[in-house]
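Note that these values count all heavy atoms, side chains included, but never hydrogens, waters or copies made by symmetry. For this chain, numbers begin at 1 and follow the sequence in order.
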Amino acid sequence: MEGSRFVKEPFDWHDQRFDTQERIMALQFGQVDRRLERIEALIEGLEKRLWMTVYGVVGVILTQAVQSILAYTPKGG
């Protein structure tokens, strides 16, 4: 008579369940990691665009300031 495998290995299912749970958690953490990397890339792109906008606005303001200074300076001649 062979008997039940659950009598011979009563805690084997617990180990399998634990291993399965570890694999699921590893997949979930991997997915979270990929999402974070994608969010970081989007933030970097947004940051670059923001700085280009700031530099553009500063450039326009400086250009207008220089033009107004040149317009009010007496012309020699």
Side-chain angles (χ1 to χ4, degrees):
M1 219 168 157
E2 241 176 80
S4 173
R5 72 179 184 124
F6 295 108
V7 174
K8 292 179 183 178
E9 304 172 9
F11 298 109
D12 188 37
W13 65 271
H14 183 69
D15 292 337
Q16 289 176 351
R17 183 176 171 200
F18 185 72
D19 290 342
T20 303
Q21 197 170 17
E22 279 186 336
R23 279 188 248 129
I24 290 172
M25 287 177 60
L27 289 172
Q28 288 174 338
F29 280 119
Q31 190 174 15
V32 168
D33 191 40
R34 285 189 296 274
R35 285 182 184 173
L36 286 175
E37 287 174 358
R38 204 167 78 194
I39 290 171
E40 287 175 356
L42 290 171
I43 289 174
E44 285 178 15
L46 184 62
E47 185 180 10
K48 287 178 185 178
R49 282 187 242 143
L50 177 65
W51 280 113
M52 290 301 293
T53 303
V54 168
Y55 290 141
V57 169
V58 169
V60 168
I61 291 171
L62 289 176
T63 302
Q64 289 179 350
V66 168
Q67 286 177 347
S68 65
I69 290 172
L70 292 176
Y72 289 114
T73 55
K75 295 185 181 182

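Hydrophobic clustering (side-chain heavy atoms under 4.5 Å, transitive across Ile, Leu, Val, Met, Phe, Trp, Tyr) groups Val54 together with Leu62.
Rounding to the nearest 0.5 Å places CD of Glu47 at 13.0 Å from CE of Met52.
Looking at heavy atoms from C-beta onward, Thr20 lies in side-chain contact with Arg23 at the 4.5 angstrom threshold.
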Sequence neighbours left out, cut at 3.5 Å: what donor-acceptor pairs do the side chains of residues 35-45 make with other protein atoms?
none

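Not counting sequence neighbours, the partners of Tyr55 by the ring pair (Phe, Tyr, Trp, His ring centres under 6.0 Å) test are Trp51.
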